[in-house]
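Reading through the structure tokens given below for one structure.
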Amino acid sequence: MDTDAVPDLNLTAALEAVSAARSPEQLAELRREYLGKRGVAARVKETIKSLSPEDRPIVGQAVSLFTAKITEALDAADAVAGPETIDESPIDLTLRGHGRKRGHMHLVTQCRRDLEDVFVSLGYQVAEGPEVESDWYNFEALNFPPGHPARAMQDTLYVDLGEPEQVLLRTHTSPVQVRVMESQTPPIYCVMPGRTYRNETLDARHSPVFHQIEGLAVDRGLTFGDLAGTIEAFTSAYFGQKVKSRLLPSYFPFTEPSAEFALSCVFCDGSGCRVCSNTGWIELGGCGMVDPNVFRSVGIDPEEFSGFAFGFGLERMPMLRYGVEPIKTFFDNDVRFLTRY
Ligand code: PHE
């Protein structure tokens with residue numbers, strides 16, 4: 001008995017194809033081609049019922065022989081080639097895991113904590129106050145005369161509660177100075193970080209929402225020299241020893257005398273560049289000796305105590321340190337920015 005009686009069942013060619021197959025995938029393909037539901041053997045079997053009674057057993061035996069030989073050859077080849085690479089095993093130890101992304105503090109919070117640490121190491125305490133303030137704390141107790149430009153609508157965001165007393169979003173952290181002086185007796189050494197608001201148009205360096213950190217020292221015999229030394233101490237602690245600070249005369253209603261303080265440019269080391277507009281200096285904030293009128297409004301005797309205060313935008317520090325701009329980058333919460341710092 002021989003499969004040659006049925007020309008479609010070319011056993012020799014099929015066995016050659018099996019021995020030429022190189023991969024488990026090719027063997028699986030051949031198995032489908034010869035032995036599958038619609039394979040060669042199945043198709044020939046289909047024809048048997050239409051054959052003459054004499055031919056039926058001949059073709060039937062040929063198909064059985066073909067099936068047996070090919071099955072044997074494929075099984076032997078499979079044993080050598082190993083399983084198909086589509087591994088049915090539920091655990092693939094070669095797969096990489098997904099890992100877990102860990103969150104971390106926002107850059108503004110990191111900067112705030114770093115500065116708090118610097119001030120705590122200088123003997124300061126940390127205090128906070130409300131973001132929604134009364135006119136008294138934000139302006140009046142701080143010696144803002146009526147009609148001072150900082151009270152004008154274009155700077156201050158007022159909260160309309162329909163009450164006679166004006167309620168506003170604090171325009172600076174200085175109202176916390178007043179709250180601290182009301183509740184503590186000197187000596188006071190305190191820093192007050194927090195969020196502040198101004199009715200300002202967004203640009204590269206200004207935002208209607210930003211953060212400030214305020215410093216206040218009240219003690220016997222404090223001088224302008226103590227203020228200058230404190231500013232030098234915390235700026236070099238944050239930016240490094242080579243950064244210098246300087247004070248220029250300025251005006252604030254709640255300090256007298258008042259000054260603006262600036263840093264030698266951290267980008268060009270003071271030699272002049274685009275960031276510092278070729279001046280070598282970058283303005284950071286305001287400062288001065290606490291005005292006697294402010295002491296009076298909180299019941300501290302200006303004859304007995306003196307004090308200094310300073311305040312500056314918190315975002316300015318990381319903006320300078322890492323070159324982050326525009327300021328809105330801090331508030332967009334773009335994950336690419338958040339994961340970078
Ligand atoms: N509060 C001032 C401002 O927002 C800064 C300042 C703080 C000035 C303390 C002097 C003393 O501009």
Side-chain angles (χ1 to χ4, degrees), residues 2-4 6-48 59-118 120 193 195 211 238-240 314-315 317-341:
D2 187 327
T3 59
D4 292 350
V6 184
D8 282 346
L9 294 177
N10 189 340
L11 183 60
T12 316
L15 288 174
E16 266 166 25
V18 171
S19 64
R22 290 276 160 267
S23 66
E25 287 77 16
Q26 283 174 343
L27 289 170
E29 180 59 41
L30 291 175
R31 194 180 283 274
R32 272 190 294 279
E33 186 180 332
Y34 298 128
L35 308 175
K37 265 192 195 155
R38 298 180 188 287
V40 173
R43 283 202 310 269
V44 173
K45 244 187 197 168
E46 274 292 295
T47 63
I48 290 179
V59 175
Q61 282 173 29
V63 173
S64 300
L65 180 68
F66 179 88
T67 305
K69 290 276 179 200
I70 293 296
T71 304
E72 188 188 333
L74 281 170
D75 287 351
D78 274 349
V80 176
E84 260 189 282
T85 35
I86 304 160
D87 188 358
E88 299 294 324
S89 151
I91 301 167
D92 181 353
L93 297 176
T94 65
L95 269 182
R96 290 189 59 206
H98 292 296
R100 274 186 200 206
K101 297 220 169 87
R102 300 188 81 193
H104 61 79
M105 283 188 293
H106 191 280
L107 185 53
V108 171
T109 312
Q110 291 176 40
C111 172
R112 171 186 164 155
R113 299 258 181 119
D114 288 350
L115 283 167
E116 283 174 8
D117 285 350
V118 168
V120 166
R195 205 178 293 146
H211 295 78
Y238 189 77
F239 288 106
L314 205 59
E315 286 82 4
M317 303 292 256
M319 280 171 101
L320 291 172
R321 199 173 183 178
Y322 304 112
V324 176
E325 217 179 55
I327 192 169
K328 85 190 244 302
T329 315
F330 290 105
F331 306 106
D332 282 344
N333 284 337
D334 184 324
V335 176
R336 287 165 298 183
F337 168 77
L338 297 177
T339 50
R340 189 157 161 201
Y341 297 102

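Below, each value reflects all heavy atoms present in this structure, side chains not excepted, and no hydrogens, waters or symmetry copies.
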Quiz item: Mind checking whether E29 and R32 have side chains closer than 4.5 Å, heavy atoms only?
Solution: yes
Exercise. Give the minimum heavy-atom separation between G60 and I48, together with the two atoms involved.
Key: CA-CD1, 3.7 Å
Practice problem: Might you point out which heavy atoms bring L314 and C111 nearest each other, and give the distance in Å? | Solution: O-SG, 3.9 Å
Exercise. Kindly compute the distance separating OG1 (T67) from CD (E72), expressed to the nearest 0.5 Å.
Key: 12.5 Å
Exercise. Please step through side-chain contact (heavy atoms from CB on, under 4.5 Å) for the pair V324 and R340, ending with a clear verdict.
Key: CA-CA 11 Å; V324 176; R340 189 157 161 201; over 6 Å; no
Quiz prompt | L9 to A41 - nearest heavy-atom pair and separation | solution = CD2-CA, 4.5 Å
Quiz prompt | Main-chain N/O of R43 paired with R38 side-chain donor or acceptor, under 3.5 Å | solution = no
Self-check item: Exam field: side chain E33 to backbone V40, donor-acceptor pair closer than 3.5 Å
Solution: no
Self-check item: Residue pairs fulfilling ring pair (Phe, Tyr, Trp, His ring centres under 6.0 Å) with at least one residue in residues 89-117, sequence neighbours excluded
Solution: none
Quiz item: What class does the angle between the rings of F330 and F337 fall in, given that below 30° is parallel, 30 to 60° is tilted and above 60° is perpendicular?
Solution: perpendicular
Self-check item: Contact check, side chains of D334 and T329, non-hydrogen atoms, under 4.5 Å
Solution: no
Self-check item: Smallest separation among heavy atoms of Y238 and P318, with atom names
Solution: OH-N, 4.2 Å
Exercise. List the atom of A21, the atom of L30, and the distance in Å for their closest heavy-atom pair.
Key: CB-CD1, 3.9 Å
Quiz item: Hey, is D75 close enough to R31 for a salt bridge, meaning N to O under 4.0 Å?
Solution: yes
Self-check item: Rounded distance (nearest 0.5 Å) linking atom CZ of F239 with atom CG of L320
Solution: 5.0 Å
Self-check item: Spatial distance of atom CD1 (I327) from atom CD (E325) [nearest 0.5 Å]
Solution: 9.0 Å
Quiz item: What pair of heavy atoms forms the shortest contact from L27 to V18, and how long is it?
Solution: CD2-O, 4.0 Å
Self-check item: Nearest-0.5 Å distance that lies between atom NZ in K69 and atom OG1 in T71
Solution: 11.5 Å
Quiz prompt | Worked check of side-chain contact (heavy atoms from CB on, under 4.5 Å) between L107 and Y322 | solution = CA-CA 10 Å; L107 185 53; Y322 304 112; 3.7 Å; yes
Quiz item: Heavy atoms, side chains only, cut-off 4.5 Å: are F331 and E315 in contact?
Solution: yes
Quiz item: Quick one: side-chain hydrogen bond (donor to acceptor under 3.5 Å, both in side chains) partners of R112, sequence neighbours excluded?
Solution: E116
